[in-house]
Amino acid sequence: MGNEVKQSVKTSEIMDGLTKSLKSSFLVEWYSTLVGFLSGSKSFYVLLGIGILIVYAGTMGAFDAFRIGYRHAYGVTRDIPWGILISTYIFFVVTSTGLCIVSAIGHVFGVKDFMPVVKRAVFLSIVTITAGFTVIFFEIENPIRMALYNVISPGLTSNIWWMGTLYGIYMFFMIVEFIFILLDNHRLATYFGLSGLIAGIAAHSNLGAIFGMLHAREYWYGPYLPVYFIASALMSGCATIIFFTWLGYKITNEKMDRPMLRSLEAVSKLCMLMIAVILFLTVWKIITGLVGGPDKIEALRAMMTGPYAFNFWVLEMLIGLVVPFIIFLSSKGKNVGMSFLASAMMVFAIFFMRYDLVVIGQIVPVYHELGVREYAGLAAYTPTFHEIMVVVAGLGITATTFLVGEKVFGGHKSEIH
Amino acid sequence: MLFVISGKRVSLTESKSPCSEAEEHELTPLDYRDVKTLEEAKGKIWYKDWIAGGENHREENCMVVCDRKAKTKQWVIEIESLEQLLSFQSKYGDIVISDSSPYKEASKEIIIQGKKGQ
């Protein structure tokens, strides 16, 4: 008996110790490995190599899908024609617009505290829009024809025509702004930054309108989405710039000076505000949706208690909004490490936020309300290997270009502040 | 003591003096890197650029630092006494004294929060 007690205590102690050491050693080792890789040593080139390999693999996957035909390669159907590629495209362009707005607060409106992050934000806004365009390139069956007819046969009443055109203009302005920043011509950079901001806001709210103007899809329909897209973009932009600035400083080993710390504090506070705004909008979307039409209620049920409940409650709400909000609130944006942690969680979760927005809007069949038997259940969608490879290519482009940018542009130093 | 002087907003289209006492000087930015020794710095991807872009490379406060060759123009003000600082505050209203970006000639910054009476 005594031996048994002794043994059970011993076993639980061992288990406790094992769990603790596993936790601490795993986390500490994982963190130190990450920091070690990012510490400006030669392992930077290993990271870069991995990034290039990922882009290569992703692009090959995408070209293979092109070869065998998208209808065979992708998981989208007549019922759910917009899948993970559309949501990933939205993820990237939302991020790009957000970065543009963050940069404009400093570079166009002259708010000093935002100035130190301007250069990196403008660069990343170009990188992310490029990644978004790459993903959509492999979503459209004939992208070359699209580009051609966009010019020779403009559809002025089509939101999608406006989206392509405005994002093209936006990208042009952002590239020119970045060139003028590099040339230290801040007067012209400011004008192009303002033009980019206007084009970006127009493009992005129009992107929200693509969804918001679809009568047949109750989940999206209404004036809510253009407003939501802009607020959500600013939240994404804040999280992304905190995330990449922290990583950038790890790569170059630079000491973060006081103006940069102040800047990240200001961005963190803005991010916290935007999380609150998104939470507010989400709560009202649900409340008003629950007294809406049957299709909308069905979609909301799927989101809150159905197949998308994990995505919504755990990824979107918990990891994407609530926990980062608590982290920002408790650290008041003054602890850069904590802000990085919160922003990393957000960047990860926002990806799923976009996925849910796009897919949940289509899972209730359009004939559902009419009681057609074949469409009694929810439509299903699972991304295929080829679709995932295109997403991987987009993420790889962002990561690789970020790494190259840190090296080539020397940590995006700005003398404006 | 030399202070960098600025306001809460900056003009990007022209270099505006934040106050009548300010003068525009060329300052030498200090480039700190978070490694302990110059030997350790040699293994880093930024080492060559850091060496080429600066001079007087040294170890300081458990970090390595150099004076960057490329100077930067900043509005600065010379304040020698507490009385002078207080009279400056009386003239311009609320001010915040903060660490500036590190320069060889100045390490503190006075940020004018807004014109007095606003």
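A note on names: the letters A, B, ... follow the listed sequences, proteins ahead of strands, and every chain is numbered from 1. Here the structure is a predicted model, which is why all the values come from computation and not from measurement.
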For residues 170-178 of chain A, run the donor-acceptor check on the side chains, cut-off 3.5 Å, and write out each pair with its distance to 0.1 Å, sequence neighbours left out.
{"unit_1": "A:Y170", "atom_1": "OH", "unit_2": "A:S96", "atom_2": "O", "d": "2.9"}
{"unit_1": "A:Y170", "atom_1": "OH", "unit_2": "A:S96", "atom_2": "OG", "d": "2.7"}
{"unit_1": "A:E177", "atom_1": "OE2", "unit_2": "A:H107", "atom_2": "ND1", "d": "3.0"}

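When heavy atoms are compared at a cutoff of 4.5 Å, B:D99 approaches chain A by way of both its backbone and its side chain. Proximity to chain B (any heavy atom under 4.5 Å) is shown, for A:F114, by neither the backbone nor the side chain.
Taking each heavy atom of A:R258 and B:S100 in turn, the nearest pair found is CB-O, 4.5 Å. The two residues B:R33 and A:T252 make their nearest non-hydrogen contact at NH1-O, 2.8 Å.
Of the listed residues (A:V108, A:V111, A:N185), the greatest number of heavy-atom pairs within a distance under 4.5 Å of chain B belongs to A:V111. Among A:G106, A:A189, A:G110, the residue with the largest count of heavy-atom pairs under 4.5 Å with chain B is A:G110.
Sequence neighbours left out, the pairs with a member in residues 62-88 of chain B that pass ring-ring contact (aromatic ring centres under 6.0 Å, His included) are B:F88-B:Y92.
Other residues, nucleotides and ligands place more than 12 heavy atoms under 6.0 Å from the CG atom of B:N56. Within a 6.0 Å sphere centred on NZ of B:K8, other residues, nucleotides and ligands contribute 12 heavy atoms or fewer. Within a 6.0 Å radius of CD in B:E39, other residues, nucleotides and ligands contribute 12 heavy atoms or fewer.
A distance of 10.5 Å separates CE of A:M256 from CG of B:D34, quoted to the nearest 0.5 Å. To the nearest 0.5 Å, atom CG of residue A:D257 and atom CD of residue B:E109 are 10.0 Å apart.
Within the 4.5 Å cutoff, the side chain of A:K407 has heavy atoms near those of the B:D49 side chain. Using a 4.5 Å heavy-atom cutoff, the side chains of A:E406 and B:I45 are not in contact. B:R9 has its side chain out of reach of A:K112: every pair of non-hydrogen atoms, C-beta onward, lies at least 4.5 Å apart.
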